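Structure record follows, encoded as structure tokens.
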Amino acid sequence: MLHTTIKELAFPSLPYGYDALEPYIDAMTMEIHHTKHHKAYYDKFMTAVKGTENENFAFGELIQNISKFPAGVRNNGGGFLNHDLFWKIMKKNGGGQPEGDLAKAINDAFGSFEKFRELFNDAAANRFGSGWAWLILDSSKSLKVTSTPNQDSPWMDVSEVKGTPILALDVWEHAYYLKYQNRRPDYINAFWNVVNWEEVDRNWKSAL
Ligand code: MN
């Protein structure tokens with residue numbers, strides 16, 4: 001997606017049914033999240049760049065130079081990009097733990113899988129207001145846990161901690177409020193049951 005010319009970006013369908021992540025993430029939340037929230041980010045982003053010279057850039061080029069663009073492009077471009085990754089790193093009957101080299105890299109970086117999960121949970125729970133928790137590979141090829149506000153991405157030049165996102169968790173209220181209301185920690189715990197570790201592994205290997 002980052003290599004795609006902006007004017008050729010298409011809105012992706014969900015890689016599974018809206019009920020695939022039940023009971024951890026409910027079907028109604030998934031449907032509204034995908035068809036309303038994600039779609040609105042895409043539509044508003046495309047409207048903002050359509051007919052400007054920016055539509056001929058690669059999407060990644062714009063994202064990595066986002067400080068030069070207005071807030072609407074940053075928020076909606078980020079929202080479009082972040083959700084595309086988020087859908088893919090989840091699946092029906094996901095969960096468990098990473099295997100092989102990724103498992104070893106997580107142990108080396110954080111001490112153990114449990115310690116990594118604790119750090120990630122803290123990043124997700126402590127993000128004040130709306131935003132995302134991330135596992136990223138930074139420019140020195142180290143795994144790091146971080147979080148961003150709003151729809152900022154670790155790809156963006158404005159991000160405090162920059163790198164390639166490997167795993168993402170949306171902690172906007174629209175991602176969990178219908179089922180979990182104010183109980184963000186319950187949603188964060190449930191998320192681990194739907195993680196698609198094969199996809200996370202692919203993200204990590206292509207970032208290396
Ligand atoms: Mn969202």
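Bear in mind that the values here come from a model prediction, so they are computed numbers and not experimental data. Just so you know, these numbers use all the heavy atoms, side chains as well, and skip hydrogens, waters and symmetry mates.
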Task: Note: Lys144-Asp138 ion pair, threshold 4.0 Å (strictly below) - done: yes

- [ ] Decide yes or no for Glu22 and Met30: does some side-chain heavy atom of the first lie under 4.5 Å from some side-chain heavy atom of the second?
- [x] no

Open item on the list: Tell me whether the count of non-hydrogen atoms from other residues, nucleotides or ligands lying under 6.0 Å of CD in Glu61 goes above 12.
Closed with: yes

Task: Non-hydrogen atoms of His83 and Asp170 that approach each other most closely - done: NE2-OD2, 3.0 Å

Task: Reported CG-to-CD1 distance for the pair Leu167 and Ile136, which is rounded to 0.5 angstrom - done: 12.0 Å

- [ ] Look at the rings of Phe116 and Trp197 and say which category their plane angle falls in: under 30° parallel, 30 to 60° tilted, over 60° perpendicular.
- [x] perpendicular

Task: Minimum heavy-atom distance between Glu55 and Lys50, given as atom pair plus value - done: OE1-CA, 3.7 Å

Task: Rounded distance (nearest 0.5 Å) linking atom CD1 of Ile25 with atom CG of Leu178 - done: 12.0 Å

- [ ] Would you check if the distance from the ring center of Phe80 to the ring center of Tyr42 is below 6.0 Å?
- [x] yes

- [ ] Identify the heavy atoms of Thr148 and Ser153 that sit nearest to each other, and give their distance.
- [x] CG2-C, 4.4 Å

- [ ] Say whether Leu119 and Val161 are linked into one hydrophobic cluster, either directly or through other cluster members, by side-chain heavy-atom distances under 4.5 angstrom.
- [x] yes

Open item on the list: Working to the nearest 0.5 angstrom, can you tell me the gap between Arg127 CZ and Arg184 CZ?
Closed with: 9.0 Å

- [ ] With rounding to the nearest 0.5 Å, note down the distance linking CG in Asn203 to OG1 in Thr164.
- [x] 9.5 Å

- [ ] Report yes if some heavy atom in the side chain of Val200 is under 4.5 Å from a heavy atom in the side chain of Pro98; otherwise report no.
- [x] no

Task: Enclosure of Asp101 CG (heavy-atom neighbours >12, cutoff 6.0 Å) - done: no

- [ ] Go through Thr29 and Tyr180 one step at a time and tell me if the side-chain contact (heavy atoms from CB on, under 4.5 Å) criterion holds.
- [x] CA-CA 10 Å; Thr29 295; Tyr180 296 98; over 6 Å; no

- [ ] Begin with the C-alpha distance, continue with both residues' side-chain angles, and end with the deciding distance and a verdict on side-chain contact (heavy atoms from CB on, under 4.5 Å) for Ile89 and Val195.
- [x] CA-CA 6 Å; Ile89 57 87; Val195 173; 5.5 Å; no

TODO: To the nearest 0.5 angstrom, please state how far the CZ atom of Arg202 sits from the CG atom of Leu102.
DONE: 12.0 Å

Task: Same apolar cluster (I L V M F W Y, side chains within < 4.5 Å links), Phe113/Val194 - done: yes

Task: Check: His174 and Lys36 side chains under 4.5 Å, non-hydrogen atoms - done: no

TODO: Report yes or no: does Asn82 contribute a side-chain atom to a donor-acceptor pair with the main-chain N or O of Gly79 at less than 3.5 Å?
DONE: no

Open item on the list: Is there a path of hydrophobic side-chain contacts, each under 4.5 Å between heavy atoms of I/L/V/M/F/W/Y residues, joining Leu62 to Leu2?
Closed with: yes

- [ ] Report whether Tyr177 and Ile32 are members of the same hydrophobic cluster (ILVMFWY, side-chain heavy atoms less than 4.5 Å apart, transitive linking).
- [x] no

Open item on the list: Donor-acceptor check, side chain of Gln151 to backbone of Gly77, threshold 3.5 angstrom: yes or no?
Closed with: no

- [ ] Please indicate whether Lys44 has more than 12 foreign heavy atoms, meaning atoms of other residues, nucleotides or ligands, lying under 6.0 Å from its NZ.
- [x] no

Open item on the list: Quick check for you: to the nearest 0.5 Å, what is the distance between Gln64 atom CD and Ile66 atom CD1?
Closed with: 10.5 Å

Task: Contacts of Ala124 that satisfy side chain to side chain contact (heavy atoms under 4.5 Å, CB included) - sequence neighbours left out - done: Ala133, Leu169, Val171, Ile188

Open item on the list: Could you check whether Arg74 pairs with Asp152 (Lys NZ or Arg NE/NH1/NH2 to Asp/Glu carboxylate O, under 4.0 Å)?
Closed with: yes

Open item on the list: I'd like to check Trp134 versus Leu85 (side-chain heavy atoms, cut-off strictly below 4.5 Å). Are they in contact?
Closed with: yes

Task: Phe86 and Trp172 aromatic centres sub-6.0 Å - done: no

Open item on the list: Hydrogens and angles aside, do His38 and Trp87 bring a side-chain donor and acceptor to less than 3.5 Å of each other?
Closed with: yes

TODO: Determine, stepwise, if the pair Arg183 / Tyr176 fulfils side-chain contact (heavy atoms from CB on, under 4.5 Å).
DONE: CA-CA 8 Å; Arg183 303 185 305 280; Tyr176 62 86; over 6 Å; no

Task: Minimum-distance pair of heavy atoms, taken over all atoms of Asn76 and Ala40 - done: OD1-O, 4.3 Å

TODO: Show your reasoning for whether side-chain contact (heavy atoms from CB on, under 4.5 Å) applies to Met156 and Ile63.
DONE: CA-CA 5 Å; Met156 291 178 174; Ile63 289 291; 4.0 Å; yes

Open item on the list: So for atom CD, which belongs to Glu53, do other residues, nucleotides or ligands contribute more than 12 heavy atoms lying within a distance under 6.0 Å?
Closed with: no

Run the side-chain donor-acceptor check on residues 3-14: report pairs under 3.5 Å with partners two or more places apart or on a different chain.
{"unit_1": "Thr4", "atom_1": "OG1", "unit_2": "Met1", "atom_2": "O", "d": "3.4"}
{"unit_1": "Lys7", "atom_1": "NZ", "unit_2": "Asn56", "atom_2": "OD1", "d": "2.8"}

Open item on the list: I want to check something: taking the side chain as every heavy atom from C-beta on, are Leu81 and Phe45 in contact at a cut-off of under 4.5 Å?
Closed with: no

Task: Partner residues of Leu137 under the side chain to side chain contact (heavy atoms under 4.5 Å, CB included) criterion, sequence neighbours left out - done: Lys141, Leu143, Ile166, Trp204, Ala207, Leu208

Open item on the list: Centroid separation under 6.0 Å, is that true for the rings of Phe110 and Phe120?
Closed with: no

Open item on the list: Determine whether a donor-acceptor pair (N or O, by modelled atom type, separation under 3.5 Å) exists between the side chain of Asp157 and the backbone of Ser67.
Closed with: yes

TODO: Using atom types as modelled and distance alone, determine if a side-chain donor or acceptor of Lys115 lies under 3.5 Å from a backbone N or O of Ser112.
DONE: no

TODO: Taking the side chain as every heavy atom from C-beta outward, state whether Tyr18 and His34 have any pair of such atoms under 4.5 Å apart.
DONE: yes

